[in-house]
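Before any comments, here is the structure.
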Amino acid sequence: MLASSSRHVLKGTQRKLLQAAAEVANAPVVAAASTQRLHEWRRHAGTAPYLTSTDLGPSYESPHRRFAVGADTNFRSPTNTPLARFNMMLASQLDRGKTHVVFTIARRMKAEGVQPDRSTYNCLLQACAQERLYAEARGIFEDMVAMGIHPDRQSFHYLMETLRPHEQSAIFDVIKMMEEWSVLPNEFTYESIITRLAENQRLELALQFLAKLGPAGLSPTLKTATAVITCAADLGFPQLALDLADSYESTSVRRLEPEVWVDLLVSCAESLYSEGTLRTWRKVVLDLDIVPDEGCCLQVLHTAAQHGHTSLALEAIGALKKLNVVWAEHHFAPVVEAMCARSEIKEAFILLDFMRKNGMTPTLDTASPILALISKDTDTVDEAWGKLEEIRENGEVVDPVALNVVIQAAVALKDLQRAVGTYKAAAQVGVKPNIDTFNLLLEGCIYARHRQLGDRLLSDLKNMGVKADVTTYKHMVLLCLTQTTYEDAFFYLEEMKALRMVPPLAVYEAIIRKLVSVGDTRYKVALEELKECGYEVSPKLESFISSGGAHNGPTKEKKPVVNPAVVL
């Protein structure tokens with residue numbers, strides 16, 4: 001790379017330089033070479049990719065003949081000297097990315113017997129770095145040393161840049177060479193080393209080199225800090241990445257790029273790191289005014305749900321709105337979970353109605369966190385019912401799912417009386433029972449073996465105009481099978497088939513088990529129907545049938561006990 005003063009000279013004498021290039025480098029030949037493709041110059045220059053002591057002419061025949069002329073001295077000399085003109089031409093072609101022309105100029109240099117200096121070799125090394133030609137760069141480096149030219153820090157930087165990402169071991173050879181030549185690394189040396197290690201996800205080794213900067217009186221560059229932070233975030237160490245980011249911004253006048261903070265947010269959210277997610281969310285959304293994408297918002301919602309950060313969950317919902325993402329049930333389910341983690345039962349009930357008013361259909365799965373919270377004992381069930389009454393008294397709407405989850409909690413506690421009482425009081429909170437309400441109550445009847453209550457509930461269902469579904473008929477079949485007289489189970493099975501409903505596998509298995517256990521041979525008919533529906537007979541059911549109901553699974557063969565051999 002040319003010094004800045006040389007660049008100004010180059011701009012100021014452009015016309016004179018072009019004329020000199022035509023005279024010294026035979027412009028038509030160079031122009032022709034510049035149109036060739038990269039693989040062409042590699043093939044053409046394969047026999048002499050760099051300057052050697054033999055190719056440089058009589059002045060270079062003896063490797064003991066040393067030249068101690070430095071680059072700065074030559075560049076500060078008059079620009080009409082052959083060496084200065086060639087160096088400026090080399091630098092100009094490098095700036096344009098025409099590395100193949102650089103080697104053409106170098107051959108022209110050799111043909112005219114112009115002695116290279118350190119700047120010349122550094123230009124050649126830079127050309128190799130742009131094309132990742134490490135073997136060629138080492139050859140040029142060795143030729144420079146053989147000519148008695150002391151390499152500088154930039155020479156080693158170019159050597160490092162020639163390495164490909166997977167060539168990690170060679171970089172330690174370059175570091176060792178720097179020590180041998182007593183060239184101290186600077187922050188850009190460490191940048192080249194650390195970024196390469198970070199790209200290969202060798203985080204521990206990258207951190208070791210990063211720790212050497214402080215004792216050396218150096219500070220990491222922005223690129224260095226970004227590489228290490230991103231590597232730690234990608235490998236699932238969000239707390240470490242966040243600490244590195246804080247450390248860098250507290251000691252540097254430069255700020256990390258917004259993309260780095262977004263990566264940190266994603267890493268913290270994916271790892272369910274609560275504190276980090278809160279901090280990076282504020283940094284990204286509030287300070288940097290960036291709206292994360294939908295995937296990131298979903299990860300933030302899961303973290304908020306896990307740790308009960310209701311406000312964070314609602315902010316993520318607002319961010320989805322800004323992105324014009326259509327709200328769906330899976331967006332609000334984590335919000336309900338976050339509210340339940342903070343025991344905000346009333347707010348969770350209200351959110352169910354908000355979802356329905358905004359085109360989403362909440363389900364019992366959406367309310368499962370509420371169920372887990374209120375099904376601890378009967379007192380929590382009664383407290384939940386009280387919240388529904390408060391919502392109604394405040395003039396707000398109680399969603400049917402809110403009523404059903406209270407009934408579900410009572411059924412889970414096997415308190416059928418409390419469940420039925422809640423069902424009968426549904427009108428007090430302005431809710432009309434739906435099919436889920438009756439299915440939950442019928443499930444409670446199965447546990448209690450209460451056939452008469454099941455019949456009354458089925459009658460209420462029909463009187464209210466609620467349409468029975470597969471689950472309803474399944475529960476009625478199972479309820480009938482709990483009785484001594486179970487003939488009605490076949491009635492509901494046939495009614496299910498008449499309505500073009502495919503009976504679930506659980507229905508057939510329950511019927512077969514009942515018939516086998518009481519010695520009713522009609523189990524064979526049920527078994528045939530099971531197969532006709534496309535179901536497979538499970539090993540447990542097959543074992544139950546073959547044993548006449550004696551056991552519920554295949555017997556495990558006992559392994560023979562082998563006595564250890566005794567060697568006398």
Side-chain angles (χ1 to χ4, degrees), residues 361-368 371 375 381 400-426 431-518 520 522-523 526-527 529-530 533 535 538 540-541 544 552:
T361 303
T363 64
L364 287 172
D365 289 336
T366 311
S368 59
L371 174 64
S375 60
V381 175
V401 175
L403 172 71
N404 290 339
V405 75
V406 176
I407 294 175
Q408 188 179 21
V411 171
L413 293 172
K414 295 183 172 54
D415 192 339
L416 185 58
Q417 182 178 357
R418 185 173 263 96
V420 174
T422 305
Y423 153 70
K424 291 182 177 180
V431 178
K432 179 182 177 181
N434 58 16
I435 187 61
D436 289 335
T437 309
F438 289 103
N439 287 341
L440 290 170
L441 292 169
L442 287 173
E443 186 177 350
C445 293
I446 295 172
Y447 293 146
R449 300 174 179 268
H450 203 321
R451 169 69 191 278
Q452 292 77 14
L453 178 58
D455 290 339
R456 289 199 300 270
L457 290 171
L458 190 61
S459 177
D460 289 350
L461 179 147
K462 294 178 179 178
N463 293 335
M464 291 183 185
V466 179
K467 186 177 179 181
D469 61 4
V470 174
T471 304
T472 310
Y473 284 104
K474 168 190 162 186
H475 286 343
M476 289 304 300
V477 171
L478 296 180
L479 179 59
C480 292
L481 293 175
T482 62
Q483 308 299 305
T484 304
T485 304
Y486 52 85
E487 292 299 324
D488 286 345
F490 300 104
F491 168 76
Y492 289 113
L493 176 63
E494 294 302 323
E495 188 172 349
M496 192 186 313
K497 292 188 289 186
L499 294 172
R500 297 184 180 277
M501 297 179 182
V502 179
L505 176 61
V507 170
Y508 282 115
E509 287 190 342
I511 291 175
I512 293 171
R513 287 178 181 275
K514 178 70 175 182
L515 297 177
V516 170
S517 62
V518 298
D520 193 330
R522 286 181 294 177
Y523 78 87
L527 189 61
E529 286 191 15
L530 180 149
C533 290
Y535 300 126
S538 65
K540 286 187 176 181
L541 179 60
F544 186 85
N552 193 31

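These values consider heavy atoms only, across backbone and side chains, with no hydrogens, waters or symmetry-generated copies. Throughout, numbering of the chain's residues begins at 1 and tracks the sequence.
- Just one residue in the list Asn439, Thr437, Asp436 forms a side-chain hydrogen bond (donor to acceptor under 3.5 Å, both in side chains) with Asn404, and that residue is Thr437.
- Under the 3.5 Å distance criterion, the side-chain polar atoms of Gln483 are matched with a main-chain donor or acceptor of Arg449.
- By the 30° and 60° cut-offs, the orientation of the rings of Tyr492 relative to Tyr473 is tilted.
- The 12-atom threshold is exceeded at CZ of Arg522, counting heavy atoms of other residues, nucleotides or ligands nearer than 6.0 Å.
- Between Lys432 and Pro400, the closest side-chain pair of non-hydrogen atoms is not below 4.5 Å.
- The shortest distance between side-chain heavy atoms of Val401 and Thr363 does not fall below 4.5 Å.
- No hydrogens or angles considered: a donor-acceptor pair under 3.5 Å links the side chains of Asp469 and Thr472.
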Pair Met476, Leu442 - check side-chain contact (heavy atoms from CB on, under 4.5 Å), show working.
CA-CA 7 Å; Met476 289 304 300; Leu442 287 173; 3.8 Å; yes

What verdict does the side-chain contact (heavy atoms from CB on, under 4.5 Å) test give for Glu529 and Leu493, after you've listed the backbone C-alpha separation in whole Å, the side-chain angles of each residue and the deciding distance to 0.1 Å?
CA-CA 11 Å; Glu529 286 191 15; Leu493 176 63; 4.3 Å; yes

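- Looking at Asp460 and Arg456, no side-chain N of the basic residue comes within less than 4.0 Å of a carboxylate O on the acidic one, giving no salt bridge.
- None of Leu479, Ile446, Thr485 except one satisfies the side-chain contact (heavy atoms from CB on, under 4.5 Å) rule with Arg451; the exception is Leu479.
- Between the side chain of Thr422 and the backbone N or O of Arg418 there is at least one donor-acceptor pair closer than 3.5 Å.
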Derivation and outcome, side-chain contact (heavy atoms from CB on, under 4.5 Å), residues Ile435 and Leu461
CA-CA 8 Å; Ile435 187 61; Leu461 179 147; 3.7 Å; yes

